[in-house]
A.B. asks: 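Below you will find the structure I want to go over with you.
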Number of protein chains: 2
Amino acid sequence: MQKKEVTIYDIAQALQVSPATVSRGLKNHPSISKKTCQKIQETAQKMGYRSNALASSLRTSRSFTLGVIVPRLDSNFMSTVLAGMEKSAVELGYHLIIMQSFETLEKEKECAQLLFNHRVDGLLVSTSAETGHIEHFAPFLAKSIPVLFFDRAPLDPHPFSSVTIDNHRAGYELTRIMLQKGATRLLHITGNTGLRVYKERLEGFKAALKEFNLSYSTDNLWQTNLGVEDGIRAAAKILQMHPLPDGIFVANDTCAIAIINHLQSNNILIPGQIQVSGFNNDPFASLFTPQLTTVEYPGIAMGERAVETIIDLIQNKIKTTKKESLDFKLINRSSTR
Amino acid sequence: MQKKEVTIYDIAQALQVSPATVSRGLKNHPSISKKTCQKIQETAQKMGYRSNALASSLRTSRSFTLGVIVPRLDSNFMSTVLAGMEKSAVELGYHLIIMQSFETLEKEKECAQLLFNHRVDGLLVSTSAETGHIEHFAPFLAKSIPVLFFDRAPLDPHPFSSVTIDNHRAGYELTRIMLQKGATRLLHITGNTGLRVYKERLEGFKAALKEFNLSYSTDNLWQTNLGVEDGIRAAAKILQMHPLPDGIFVANDTCAIAIINHLQSNNILIPGQIQVSGFNNDPFASLFTPQLTTVEYPGIAMGERAVETIIDLIQNKIKTTKKESLDFKLINRSSTR
DNA sequence: TTATTTTACGCAATCGATTGCGCAAAGCGA
DNA sequence: TCGCTTTGCGCAATCGATTGCGTAAAATAA
């Protein structure tokens, strides 16, 4: 039923040359004459040949495949990063196998294992919330397969590369905006502070408080999942407070908007009574009333840099691991004064 | 420097058995004794063996890889679908190579070609805006590699499977909501109506108009890219109209919100003067004031169904192509009366 | 014309895992 | 103990492409 696959052997036979010549001719190898190359490519076309990437990868032990592990795919920010990654990867002749860890260490391990067996040329990881150690990436190190963390990286020191933003400074500056406008009772609503990104934003937050001679208490640190429902719950809790806080640092836009929305419908004025800041600059952050003060987090660029860097590592254009920090941009809008 | 890969041959040698036995022992083949299996797996572990998926795929010509082509990754809806796909795929022992067509036919072709060469076991496609014909998927058909369209499918008849929603009915019902509340001058702001999804929503829109004895004119059909800026532009144009429309059908939430926002800041009351409906039920659609009437578009479920179906096709559990239509849910909120 | 360099191509081993078929040893009943 | 069925495992071909090395033919130089 199924016609057999056309291979370079079939082409070789048809043209009365050796498979070696066909293999070379197909990729315009200099030691094959122009004429022969042309002939080979034509007949390949005619015979419906398709190169077998598997066989090629097996032989050369290069798959031109990058593995990507993310906590989840369905997040605005993450899909932006992935878009950037895919674009750069394709431009450089690679492609992506994307997997989700669902924020669990166990899944992350499984993904790593699978991608390891699949002979990816490099691995791009944004760690799960549970990722305390990184032993499961040791096999990659042992085989000199580059691993690069993006956005969420483990704490230093670690023997891998990374592309992140300076979350400490972003947290600091965002907090400073609210403080400069007179806020004195700040709340910090964030994700799992076991994660470096959140931890660093928190440190920046603390540094700003200190600068303004305000004390920090863990009572003002709320760890949530930063979803819409978490925001609504947080807002409800805020309404119970006496006195109300006068500034809220929220570690992403979705949750920030949810909080604002719920507070507003309980007649709290934003920013009049409470200033609120977000993080990410999601597309809708500017469409809200008030418009959200936030940090533009360069998703596309981060994806591109991550891929470019890891491919440089793969191709040995750079020899040593590299920790990059991308520029972010403070978006100062009307949800803070 | 680099230690050599451990293969089943090495294990075979270490255990004084044949590679065949090792291969079978590794996967608990019934014709190998429990004892031997155990021994093999232990030494494999000890020697740091990793199976070579490439070699295996080459031999068996099954890669357990699904190719996915989407117009772009960084869309809320698409990333949701992909999340569902990845989840189901992994559960069923497959994984995903994801590529973007950037809405161009040319890129879509290139992706298809690459995935074809990479021996994917199946292909999941959401077509680009330019995709008029589908000849570039013919090679898959010729090799009996299942192709399944999700969300955006080409016009029937075509020899492939699909998972979509009933866009006609969704468009119809959404329109009907506004009409029942008395709207008589409706605008339809949508994407490229060359795409079946938009075309069908428009047909539904027309059907509803007809039912209410309202005439349809192409003047009331605006094709845009449905982004934030497109919304702002559209809103500006709307403000010039005399009389104003009293209902706007917008084919996605992002654009709808942008329009509402711009109209509101020009003192138009929503839904008082103009009703507006969206499409997708993005997470923030309920956080806006007014909350957006929209259609819940089952992203995760669509991804899951698509993968489950294509794997059934791959494994020949179902023999014929299958066109599935998923349930959507009308979310009737306050942006319509 | 002869010697030398270039050009163009072929040989054959190799990358690891899989599997149909065959065969020997072990287990069984009588 | 003999013959028959199971059980457990090995042989060797195969999946396609790649590549270092060698060589014949063609081109160039002398």
Side-chain angles (χ1 to χ4, degrees), chain A residues 2-41 43-44 47-65 114 116-121 143 145, chain B residues 2-41 43-44 47-65 114 116-121 143 145:
Chain A
Q2 189 71 303
K3 277 167 287 183
K4 257 183 68 60
E5 287 291 341
V6 178
T7 72
I8 54 170
Y9 296 94
D10 302 322
I11 302 179
Q13 186 148 41
L15 255 47
Q16 292 298 312
V17 296
S18 81
T21 303
V22 176
S23 173
R24 294 187 173 106
L26 246 16
K27 41 175 62 72
N28 291 315
H29 190 285
S31 83
I32 304 293
S33 71
K34 290 280 158 241
K35 221 181 307 173
T36 317
C37 280
Q38 183 119 35
K39 255 205 160 17
I40 288 173
Q41 287 168 23
T43 29
M47 297 177 66
Y49 167 79
R50 61 166 173 165
S51 75
N52 190 323
L54 295 173
S56 170
S57 294
L58 174 58
R59 180 62 233 256
T60 61
S61 58
R62 277 171 312 162
S63 63
F64 293 101
T65 300
L114 187 144
F116 189 60
N117 287 346
H118 266 269
R119 301 298 196 265
V120 294
D121 291 342
K143 291 263 181 290
I145 300 169
Chain B
Q2 188 72 303
K3 277 167 289 183
K4 259 184 64 60
E5 288 291 342
V6 178
T7 73
I8 55 169
Y9 295 95
D10 302 320
I11 301 178
Q13 186 148 41
L15 254 49
Q16 292 298 311
V17 297
S18 81
T21 303
V22 176
S23 173
R24 294 189 174 107
L26 247 15
K27 40 177 59 71
N28 292 312
H29 190 283
S31 84
I32 304 292
S33 71
K34 290 281 158 239
K35 223 180 304 174
T36 317
C37 280
Q38 183 119 34
K39 256 204 162 19
I40 288 172
Q41 289 169 22
T43 30
M47 297 176 67
Y49 167 79
R50 61 165 174 165
S51 73
N52 190 323
L54 295 174
S56 171
S57 294
L58 174 59
R59 181 61 234 258
T60 60
S61 59
R62 277 170 312 161
S63 63
F64 294 102
T65 300
L114 188 143
F116 188 60
N117 287 348
H118 266 270
R119 301 300 198 265
V120 294
D121 291 342
K143 290 262 181 291
I145 300 170

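The analysis underlying the following values was restricted to heavy atoms, covering all of them including side chains, and did not include hydrogens, waters or symmetry mates. Residue numbering restarts at 1 for every chain, and letters A, B, ... go by the order of the sequence lines. Computed from a predicted model, the values in this text were never measured in an experiment.
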A.B. asks: Can you name the nearest heavy-atom pair linking A/S63 to B/H118, along with the distance?
C.D. replies: O-CE1, 4.1 Å

A.B. asks: What heavy-atom pair brings A/F116 and A/K143 nearest, and what distance separates the two atoms?
C.D. replies: CZ-CG, 4.0 Å

A.B. asks: For a quick check of understanding: with a heavy-atom distance under 4.0 Å over all strands, which category does A/K27 fall into, base, sugar-phosphate or nothing?
C.D. replies: sugar-phosphate

A.B. asks: Verify the contact: side-chain N or O of A/S33 to OP1 or OP2 of C/dT7, cut-off strictly under 4.0 Å; return yes or no.
C.D. replies: no

A.B. asks: Counting the atoms with a prime plus P, OP1 and OP2 as sugar-phosphate, which does B/V22 contact under 4.0 Å by heavy atoms, base, sugar-phosphate, or nothing?
C.D. replies: nothing

A.B. asks: Rounding to a whole Å, what distance do you find between B/F64:CZ and C/dT18:P?
C.D. replies: 10 Å

A.B. asks: Is any side-chain nitrogen or oxygen of A/S31 closer than 4.0 Å to OP1 or OP2 of C/dC9?
C.D. replies: no

A.B. asks: Taking all non-hydrogen atoms of both residues into account, name the closest pair between B/I40 and B/G25 and its distance.
C.D. replies: CD1-CA, 3.9 Å

A.B. asks: Can you tell me which nucleotide in D/dC9, D/dT19, C/dC9 comes closest to the side chain of A/T36?
C.D. replies: C/dC9

A.B. asks: What is the distance from NZ of A/K35 to P of C/dA8, rounded to the nearest Å?
C.D. replies: 9 Å

A.B. asks: Please give me the minimum heavy-atom distance between B/P19 and B/A12, naming the atom from each residue.
C.D. replies: N-CB, 3.6 Å

A.B. asks: Could you list all N or O pairs between the protein and nucleotides 14-16 of chain D that sit under 3.5 Å apart?
C.D. replies:
residue, atom, partner, partner atom, Å
D/dT14, O2, B/R59, NE, 3.3
D/dT14, O2, B/R59, NH1, 2.9
D/dG16, N2, A/A55, O, 3.4

A.B. asks: Can you check the A/N117 CG to C/dA17 P distance for me, whole Å?
C.D. replies: 10 Å

A.B. asks: Starting at atom NZ of A/K34, determine the distance to atom P of C/dT7, rounded to an integer number of angstrom.
C.D. replies: 12 Å

A.B. asks: Between atom NE2 in B/H29 and atom C1' in D/dG8, what is the gap in whole Å?
C.D. replies: 11 Å

A.B. asks: Test B/T43 against every option in B/D10, B/L15, B/V6 by the side-chain contact (heavy atoms from CB on, under 4.5 Å) rule and name the one that passes.
C.D. replies: B/L15

A.B. asks: Return the value, rounded to whole Å, for the distance between atom CD1 of A/I40 and atom P of D/dT18.
C.D. replies: 12 Å

A.B. asks: Show the nearest heavy-atom pair for residues B/S23 and B/I8, with the distance to one decimal.
C.D. replies: CB-CD1, 4.3 Å

A.B. asks: Would you kindly give the CD-to-P distance between B/Q16 and D/dC11, to the nearest whole Å?
C.D. replies: 11 Å

A.B. asks: I need the minimum non-hydrogen distance between B/L58 and A/N52, along with the two atoms involved.
C.D. replies: CD1-ND2, 3.8 Å

A.B. asks: To the nearest angstrom, how far is A/I32 atom CD1 from D/dT18 atom P?
C.D. replies: 13 Å

